[in-house]
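Here's the structure, in structure tokens; my notes come after.
Remember, it's a predicted structure, so these values are computed and weren't measured experimentally. Below, read A as the first sequence line, B as the second, and so on, with proteins coming before strands; counting in each chain starts at 1.
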Protein chains: 2
Amino acid sequence: MFSKACEYGIRASTYIALQSLEGRRVSLKEIAEEIDSPVAFTAKILQQLSKNQIVDSLKGAAGGFEIQRSGIDRIKLSEIVYAIDGDTIYTGCGLGLKKCNANKPCPVHDKFVQIRDDLRYMLENTSLYEMTVGLEVGLTYLKR
Amino acid sequence: MFSKACEYGIRASTYIALQSLEGRRVSLKEIAEEIDSPVAFTAKILQQLSKNQIVDSLKGAAGGFEIQRSGIDRIKLSEIVYAIDGDTIYTGCGLGLKKCNANKPCPVHDKFVQIRDDLRYMLENTSLYEMTVGLEVGLTYLKR
DNA sequence: TTTAAATCGGACAAATATGTCCTAATAAAA
DNA sequence: TTTTATTAGGACATATTTGTCCGATTTAAA
Ligand code: FES
Ligand code: FES
């Protein structure tokens, strides 16, 4: 569904949001540990998320990553997915034709578009805050 | 969503089904041309589909690929996807945890499972025959 | 029986995604 | 001012996916 990079990106953003809610800024090392991802690779992804203004990064000792409270409420999963995987998930054809196109649809177009739109709706309506809710109380997990 | 191999596999199977309905056996070359796919790569995929009894292959001059009428009605997209991409689409976690697991769910589990099950239902209930219906009358396309 | 047209299957090649390493830049603390 | 802890970014390495090539095998037709 999503690339590994995107999966790590969502998990990382969610962990940063969770800690930011407690007022804690977190380091790359801690993030990678808590979401069980390769450290250096996660660094690249966080750079990308920082450039796309999804997370804030601070260099130097006592630096790290954080997300403003306003961001935690505002940022939706769709923005993270878009920053890392682009829009292929929305514009791509299920059978791999150049672009999805209702005027010259592939045989699964109608059915595929329904599912894709459900996915889109879900991503566009799930905020980082919502992602953190179950984590605090141990109902959901970012690693196993 | 699906791998390239899987996309080619579905397009190829659909084209073979379409021609088989007319009693025509088709060659690799013709298939690749009609679905706009790399010939040699398509050959590998057809081998896999043949081993999984999704298409019938006949060697030698006047050989080629075909699907029995009974198969065209019986074979669902889910079988093609399974033969090529396996079951990751059904068992995988949306955020990349080792396996999707309702007992230790990731933060998107509930929403993701809904969409995944819709996709599964769609694949399990779309037959090759259904795929060919729009093609004959120019309502749908396998290439552009 | 020979030739031609086709799939099969293994080895190879290229492209992309995933992941690592090292140095530079930055900023707080000693 | 020096040291230490951190992110930034480029170059490199590895794994996976995608794609190619070619000889072997099969079968129908000449
Ligand atoms: S054309 Fe294939 S999904 Fe729209
Ligand atoms: S655990 Fe992540 S989708 Fe089920």
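Toward the 5' end of DNA chain C, the nearer of the two residues A/Thr42 and B/Lys51, judged by each one's closest nucleotide, is B/Lys51.
Comparing D/dA5, D/dT18, D/dA8 by their nearest atom to the side chain of A/Ala61 picks out D/dA5. For A/Ser27, the listed nucleotide lying nearest its side chain is D/dT6; candidates were C/dA6, C/dC8, D/dT6. Side-chain proximity of B/Lys59 to the nucleotides C/dT20, D/dA8, D/dT26 is greatest for D/dT26. Taking only side-chain atoms of A/Phe41, from C-beta outward, the nucleotide of C/dT18, D/dG9, D/dA28 with the closest atom is C/dT18. For A/Gln47, the listed nucleotide lying nearest its side chain is D/dG9; candidates were D/dG9, C/dA25, C/dT18. When each of C/dG9, D/dT26, D/dG19 is scored by its nearest atom to the side-chain atoms of B/Tyr8, the top-ranked nucleotide is D/dG19. Residue B/Ala40 has its side chain nearest to D/dC21 when only C/dT7, C/dT20, D/dC21 are considered.
At a threshold of 4.5 Å between non-hydrogen side-chain atoms, the residues A/Gln19 and A/Phe65 do not count as touching.
Between B/Arg25 atom CZ and C/dA6 atom C1' there is a gap of 11 Å when expressed in whole angstrom units. Rounded to whole Å, the distance from CG on B/Leu58 to P on D/dA29 is 13 Å. Put simply, CD1 on B/Ile16 is 10 Å from P on C/dT7, counting in whole angstrom units. C/dA5 atom C1' lies 14 Å from atom CD of B/Glu30, rounded to whole Å. Here C/dA17 presents its P atom at 12 Å from CD of A/Gln48, a figure rounded to the nearest Å. For A/Asp85 and C/dA17, the CG to P distance is 9 Å, given to the nearest whole Å. The distance between atom CD1 of A/Ile45 and atom C1' of C/dT20, rounded to the nearest whole Å, is 13 Å. Atom P of nucleotide D/dA8 and atom CG of A/Asn52 are separated by 13 Å, given to the nearest angstrom.
Nucleic acid contact class of B/Lys44 (heavy atoms, under 4.0 Å, all strands): base. Contact annotation for B/Leu46: no contact, since no heavy-atom pair falls under 4.0 Å across all strands.
Under the 3.5 Å distance criterion, the side-chain polar atoms of B/Glu79 are matched with a main-chain donor or acceptor of B/Lys76. The closest donor-acceptor contact from the side chain of A/Arg120 to the backbone of A/Tyr90 lies at 3.5 Å or more, if one exists at all.
Contact annotation: A/Ser57 reaches the phosphate of D/dA8 (side-chain N/O to OP1 or OP2, under 4.0 Å).
Side-chain polar atoms of A/Thr126 and B/Lys111 form a donor-acceptor pair below 3.5 angstrom. Side-chain atoms of B/Ser3 and B/Asp85 form a donor-acceptor pair, as typed in the model, at a separation below 3.5 Å.
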